[in-house]
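What follows is a single structure, written as C-alpha coordinates, with notes after it.
Along the sequence shown, residues carry numbers from 1.
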Amino acid sequence: MARYQGRTIKDLPEDLRPRERMLAFGAQALSNAELLAILLRTGNPQETALEVAQRLLSQPGGLRYLAEVSLEELKAQKGIGLAKAAQIKAAIELGRRLAAFRPERPLIKRPADAACLLMDEMRYLDREHFRTISLNTKNRVLAIDNVAVGSLNSSYVHPREVFKGPVRRSAAAVILVHNHPSGDPAPSLEDIQVTRRLVEAGKVLGIEVLDHLILGDGSFVSMKEKGLL
(Lines give C-alpha, C1' and ligand atoms only; values in the text may rest on other atoms or scores of the structure.)
Protein backbone atom coordinates (compact mmCIF):
# COMPACT_ATOMS: atom_id res chain seq x y z
CA MET A 1 0.00 0.00 0.00
CA ALA A 2 1.30 3.46 -0.87
CA ARG A 3 2.52 5.71 1.93
CA TYR A 4 0.50 8.76 2.98
CA GLN A 5 2.17 11.98 4.05
CA GLY A 6 0.00 12.46 7.14
CA ARG A 7 1.21 9.22 8.70
CA THR A 8 -2.15 8.68 10.43
CA ILE A 9 -5.14 6.47 9.63
CA LYS A 10 -7.30 9.63 9.42
CA ASP A 11 -5.34 10.66 6.34
CA LEU A 12 -6.59 7.58 4.49
CA PRO A 13 -9.82 7.77 2.49
CA GLU A 14 -12.72 6.88 4.80
CA ASP A 15 -13.51 3.67 2.90
CA LEU A 16 -9.96 2.44 3.55
CA ARG A 17 -9.85 3.13 7.30
CA PRO A 18 -9.91 -0.17 9.25
CA ARG A 19 -12.44 0.90 11.90
CA GLU A 20 -14.84 2.31 9.35
CA ARG A 21 -14.48 -0.82 7.24
CA MET A 22 -15.21 -2.98 10.28
CA LEU A 23 -18.35 -0.95 10.98
CA ALA A 24 -19.51 -1.27 7.39
CA PHE A 25 -18.56 -4.86 6.59
CA GLY A 26 -17.79 -6.65 9.86
CA ALA A 27 -14.50 -7.83 11.39
CA GLN A 28 -14.34 -10.89 9.13
CA ALA A 29 -13.92 -8.64 6.07
CA LEU A 30 -10.71 -7.06 7.37
CA SER A 31 -7.22 -8.23 6.55
CA ASN A 32 -4.80 -9.30 9.28
CA ALA A 33 -2.98 -5.97 8.91
CA GLU A 34 -6.20 -4.00 9.30
CA LEU A 35 -7.19 -5.90 12.44
CA LEU A 36 -3.74 -5.37 13.91
CA ALA A 37 -3.84 -1.67 13.00
CA ILE A 38 -7.04 -1.28 15.03
CA LEU A 39 -5.20 -2.68 18.06
CA LEU A 40 -2.23 -0.36 17.48
CA ARG A 41 -4.48 2.72 17.00
CA THR A 42 -1.55 5.02 16.12
CA GLY A 43 1.64 4.76 14.12
CA ASN A 44 4.80 6.83 14.32
CA PRO A 45 6.06 9.97 12.53
CA GLN A 46 7.10 7.88 9.52
CA GLU A 47 4.35 5.23 9.37
CA THR A 48 0.61 4.91 9.83
CA ALA A 49 -0.71 2.25 12.19
CA LEU A 50 -1.56 0.21 9.10
CA GLU A 51 2.00 0.42 7.83
CA VAL A 52 3.37 -0.58 11.24
CA ALA A 53 0.98 -3.55 11.22
CA GLN A 54 2.10 -4.58 7.74
CA ARG A 55 5.74 -4.38 8.83
CA LEU A 56 5.12 -6.58 11.86
CA LEU A 57 3.25 -9.15 9.77
CA SER A 58 6.10 -9.21 7.23
CA GLN A 59 8.29 -10.86 9.89
CA PRO A 60 8.98 -14.56 9.23
CA GLY A 61 5.90 -16.47 10.34
CA GLY A 62 3.48 -13.54 10.04
CA LEU A 63 0.74 -13.99 12.63
CA ARG A 64 2.72 -16.80 14.22
CA TYR A 65 5.52 -14.30 14.87
CA LEU A 66 3.13 -12.28 17.03
CA ALA A 67 2.14 -15.42 18.94
CA GLU A 68 5.73 -16.51 19.60
CA VAL A 69 7.63 -13.25 20.08
CA SER A 70 8.28 -12.20 23.67
CA LEU A 71 6.82 -9.00 25.10
CA GLU A 72 10.35 -7.60 25.46
CA GLU A 73 11.19 -8.26 21.80
CA LEU A 74 7.87 -6.93 20.56
CA LYS A 75 8.06 -3.65 22.47
CA ALA A 76 11.51 -3.07 20.98
CA GLN A 77 10.04 -2.91 17.48
CA LYS A 78 9.95 0.62 16.03
CA GLY A 79 6.65 2.34 16.77
CA ILE A 80 5.44 -0.26 19.30
CA GLY A 81 6.56 0.28 22.89
CA LEU A 82 5.25 -1.44 25.99
CA ALA A 83 1.61 -0.31 25.78
CA LYS A 84 1.05 -1.50 22.20
CA ALA A 85 3.05 -4.68 22.72
CA ALA A 86 0.94 -5.51 25.76
CA GLN A 87 -2.27 -4.87 23.79
CA ILE A 88 -1.15 -7.25 21.03
CA LYS A 89 -0.08 -10.02 23.42
CA ALA A 90 -3.28 -9.62 25.45
CA ALA A 91 -5.40 -9.96 22.29
CA ILE A 92 -3.52 -13.10 21.27
CA GLU A 93 -3.93 -14.63 24.72
CA LEU A 94 -7.67 -13.91 24.66
CA GLY A 95 -7.84 -15.65 21.28
CA ARG A 96 -6.06 -18.68 22.70
CA ARG A 97 -8.39 -18.85 25.67
CA LEU A 98 -11.44 -18.53 23.45
CA ALA A 99 -10.16 -21.36 21.26
CA ALA A 100 -9.71 -23.51 24.35
CA PHE A 101 -13.09 -22.62 25.90
CA ARG A 102 -15.70 -25.37 26.04
CA PRO A 103 -19.25 -24.66 27.32
CA GLU A 104 -19.59 -28.18 28.73
CA ARG A 105 -17.29 -31.00 29.70
CA PRO A 106 -15.91 -32.35 26.42
CA LEU A 107 -16.29 -36.05 25.69
CA ILE A 108 -13.11 -37.82 24.64
CA LYS A 109 -13.86 -40.59 22.15
CA ARG A 110 -10.52 -40.76 20.34
CA PRO A 111 -7.01 -39.27 20.63
CA ALA A 112 -7.84 -36.45 18.20
CA ASP A 113 -10.54 -35.19 20.59
CA ALA A 114 -7.97 -34.74 23.35
CA ALA A 115 -5.38 -33.24 21.00
CA CYS A 116 -7.88 -30.62 19.80
CA LEU A 117 -8.43 -29.45 23.37
CA LEU A 118 -4.83 -28.29 23.73
CA MET A 119 -3.37 -27.93 20.23
CA ASP A 120 -4.13 -24.23 19.73
CA GLU A 121 -2.81 -23.38 23.16
CA MET A 122 0.34 -25.53 23.16
CA ARG A 123 1.58 -25.64 19.56
CA TYR A 124 3.50 -22.34 19.81
CA LEU A 125 5.04 -22.80 23.27
CA ASP A 126 8.82 -22.40 23.22
CA ARG A 127 9.44 -24.94 26.00
CA GLU A 128 8.05 -28.36 26.77
CA HIS A 129 4.91 -28.23 28.92
CA PHE A 130 3.51 -31.39 30.53
CA ARG A 131 -0.22 -31.52 31.30
CA THR A 132 -2.82 -34.05 32.37
CA ILE A 133 -6.42 -34.37 31.24
CA SER A 134 -8.50 -35.94 34.02
CA LEU A 135 -11.55 -37.95 32.91
CA ASN A 136 -14.58 -39.36 34.68
CA THR A 137 -15.96 -42.86 34.15
CA LYS A 138 -17.75 -41.69 30.97
CA ASN A 139 -14.57 -40.17 29.52
CA ARG A 140 -15.75 -36.60 30.01
CA VAL A 141 -13.10 -34.05 30.94
CA LEU A 142 -12.99 -33.14 34.62
CA ALA A 143 -10.02 -30.79 34.40
CA ILE A 144 -6.75 -30.05 32.64
CA ASP A 145 -3.79 -29.57 34.99
CA ASN A 146 -0.38 -28.05 34.35
CA VAL A 147 2.25 -30.39 35.78
CA ALA A 148 5.61 -28.92 34.82
CA VAL A 149 7.61 -26.92 32.31
CA GLY A 150 10.99 -28.03 31.00
CA SER A 151 12.69 -30.90 29.22
CA LEU A 152 10.97 -34.25 29.65
CA ASN A 153 12.80 -36.56 32.05
CA SER A 154 11.98 -38.90 34.90
CA SER A 155 12.55 -36.31 37.64
CA TYR A 156 10.61 -33.59 35.84
CA VAL A 157 7.46 -35.74 35.58
CA HIS A 158 7.47 -37.44 38.97
CA PRO A 159 4.30 -39.54 39.49
CA ARG A 160 3.50 -37.59 42.65
CA GLU A 161 3.09 -34.37 40.64
CA VAL A 162 1.49 -36.00 37.61
CA PHE A 163 -1.31 -37.68 39.57
CA LYS A 164 -1.90 -34.96 42.19
CA GLY A 165 -4.72 -33.33 40.22
CA PRO A 166 -6.38 -36.54 39.01
CA VAL A 167 -6.35 -38.02 42.55
CA ARG A 168 -7.85 -34.86 44.02
CA ARG A 169 -10.67 -34.98 41.46
CA SER A 170 -11.24 -38.74 41.86
CA ALA A 171 -10.53 -39.21 38.16
CA ALA A 172 -11.17 -42.62 36.66
CA ALA A 173 -8.59 -42.13 33.92
CA VAL A 174 -6.04 -39.65 32.68
CA ILE A 175 -4.49 -38.64 29.36
CA LEU A 176 -0.93 -37.34 29.48
CA VAL A 177 -0.02 -34.50 27.11
CA HIS A 178 3.17 -32.66 26.34
CA ASN A 179 4.43 -30.59 23.42
CA HIS A 180 7.58 -30.64 21.32
CA PRO A 181 8.64 -27.03 20.60
CA SER A 182 10.50 -28.27 17.51
CA GLY A 183 7.12 -28.96 15.91
CA ASP A 184 7.97 -32.65 15.38
CA PRO A 185 5.75 -34.84 17.59
CA ALA A 186 7.78 -38.03 17.11
CA PRO A 187 8.31 -39.65 20.56
CA SER A 188 11.84 -39.89 21.91
CA LEU A 189 13.23 -42.81 23.90
CA GLU A 190 12.84 -40.65 27.03
CA ASP A 191 9.17 -40.05 26.17
CA ILE A 192 8.57 -43.79 25.95
CA GLN A 193 10.42 -44.61 29.17
CA VAL A 194 8.66 -41.92 31.21
CA THR A 195 5.27 -42.90 29.81
CA ARG A 196 5.66 -46.55 30.79
CA ARG A 197 6.75 -45.49 34.27
CA LEU A 198 3.63 -43.34 34.66
CA VAL A 199 1.37 -46.10 33.34
CA GLU A 200 2.64 -48.38 36.12
CA ALA A 201 2.18 -45.63 38.73
CA GLY A 202 -1.39 -45.15 37.54
CA LYS A 203 -2.15 -48.83 38.03
CA VAL A 204 -1.05 -48.59 41.65
CA LEU A 205 -3.35 -45.58 42.18
CA GLY A 206 -6.28 -47.09 40.30
CA ILE A 207 -6.17 -44.39 37.61
CA GLU A 208 -5.81 -45.70 34.07
CA VAL A 209 -3.45 -43.87 31.74
CA LEU A 210 -5.44 -44.00 28.52
CA ASP A 211 -2.86 -42.33 26.31
CA HIS A 212 0.11 -40.01 26.09
CA LEU A 213 -0.20 -37.40 23.34
CA ILE A 214 2.78 -35.53 21.98
CA LEU A 215 1.79 -32.29 20.26
CA GLY A 216 3.75 -30.71 17.44
CA ASP A 217 2.90 -27.78 15.22
CA GLY A 218 -0.57 -28.78 14.03
CA SER A 219 0.09 -32.52 14.31
CA PHE A 220 0.28 -35.02 17.14
CA VAL A 221 1.27 -38.58 17.99
CA SER A 222 -0.83 -40.90 20.15
CA MET A 223 1.48 -43.30 21.95
CA LYS A 224 -1.45 -45.67 22.43
CA GLU A 225 -2.07 -45.80 18.68
CA LYS A 226 1.65 -46.39 18.16
CA GLY A 227 1.56 -49.33 20.62
CA LEU A 228 4.05 -47.58 22.93
CA LEU A 229 2.01 -47.60 26.17
Side-chain angles (χ1 to χ4, degrees), residues 1-103 115-131 144 146 149-151 177-185 215-220:
M1 177 175 290
R3 289 172 176 260
Y4 289 79
Q5 289 299 319
R7 308 271 67 84
T8 69
I9 292 293
K10 291 182 179 180
D11 292 307
L12 294 173
E14 188 168 331
D15 61 350
L16 294 181
R17 298 175 193 170
R19 281 184 290 188
E20 283 74 4
R21 279 177 38 76
M22 178 183 283
L23 181 62
F25 306 110
Q28 69 276 5
L30 272 61
S31 68
N32 291 340
E34 288 173 317
L35 292 170
L36 183 55
I38 289 174
L39 285 175
L40 294 174
R41 297 182 58 241
T42 61
N44 58 57
Q46 290 75 43
E47 300 170 296
T48 66
L50 191 54
E51 290 171 323
V52 174
Q54 290 168 333
R55 173 162 53 80
L56 288 177
L57 292 172
S58 70
Q59 297 287 331
L63 279 176
R64 177 168 178 163
Y65 163 77
L66 295 179
E68 295 180 339
V69 68
S70 70
L71 185 65
E72 288 294 321
E73 292 171 322
L74 187 57
K75 78 181 183 67
Q77 286 277 358
K78 180 181 178 183
I80 301 302
L82 177 58
K84 291 179 181 178
Q87 288 170 198
I88 293 170
K89 298 301 284 186
I92 289 172
E93 181 59 26
L94 283 172
R96 281 179 174 167
R97 294 184 186 187
L98 179 60
F101 174 75
R102 298 295 183 275
C116 284
L117 286 177
L118 292 171
M119 180 64 74
D120 287 337
E121 184 180 352
M122 296 182 70
R123 66 189 295 183
Y124 299 128
L125 297 174
D126 60 1
R127 290 183 292 170
E128 289 193 6
H129 288 238
F130 193 96
R131 297 180 182 177
I144 298 173
N146 297 313
V149 179
S151 298
V177 185
H178 84 279
N179 65 301
H180 279 179
S182 67
D184 179 3
L215 307 183
D217 185 4
S219 60
F220 72 93

>> If I take atom CG from residue Leu215 and atom CG from residue Asp120, how far apart are they, to the nearest 0.5 angstrom?
In response: 10.5 Å
> When you measure from the side chain of Arg55 to the backbone N and O of Gln77, does any donor-acceptor pair fall under 3.5 Å?
Replying inline: no
> Minimum heavy-atom separation for Ala33 to Gln54, with atom names?
Replying inline: CB-CG, 3.7 Å
>> Nearest 0.5 angstrom please: Leu35 CG to Arg21 CZ, how far?
In response: 9.5 Å
> Could you give the distance from NE2 (His180) to CE (Met122), rounded to the nearest 0.5 Å?
Replying inline: 10.0 Å
> Can you name the salt bridge (charged side-chain N to carboxylate O under 4.0 Å, His left out) partners of Glu73, sequence neighbours left out?
Replying inline: none
> Distance from Tyr65 atom OH to Ser58 atom OG, nearest 0.5 Å?
Replying inline: 9.5 Å
> Between atom CZ of Arg123 and atom CZ of Arg96, what is the distance when rounded to the nearest 0.5 Å?
Replying inline: 10.5 Å
>> Could you work out, with side chain to side chain contact (heavy atoms under 4.5 Å, CB included) as the rule, every residue matching Ser219, not counting sequence neighbours?
In response: Pro185
>> Strictly distance-based, threshold 3.5 Å: is any side-chain N or O of Lys89 a donor or acceptor partner for the main-chain N or O of Leu66?
In response: yes
>> Strictly distance-based, threshold 3.5 Å: is any side-chain N or O of Arg131 a donor or acceptor partner for the main-chain N or O of Ile144?
In response: no
>> Please report the interatomic distance CG(Asn179) to CD(Glu128), rounded to the nearest 0.5 Å.
In response: 6.5 Å
> Closest approach of Asp217 and Tyr124, non-hydrogen atoms and distance?
Replying inline: OD1-CE2, 4.1 Å
>> Any side-chain to backbone donor/acceptor pair from Glu51 onto Thr48? Under 3.5 Å, distance only.
In response: yes
> Out of Leu39, Leu40, Leu36, which residue meets the side chain to side chain contact (heavy atoms under 4.5 Å, CB included) rule with Lys84?
Replying inline: Leu40
> Should Arg97 and Glu93 count as an ion pair when the cut-off is N to O under 4.0 Å?
Replying inline: yes
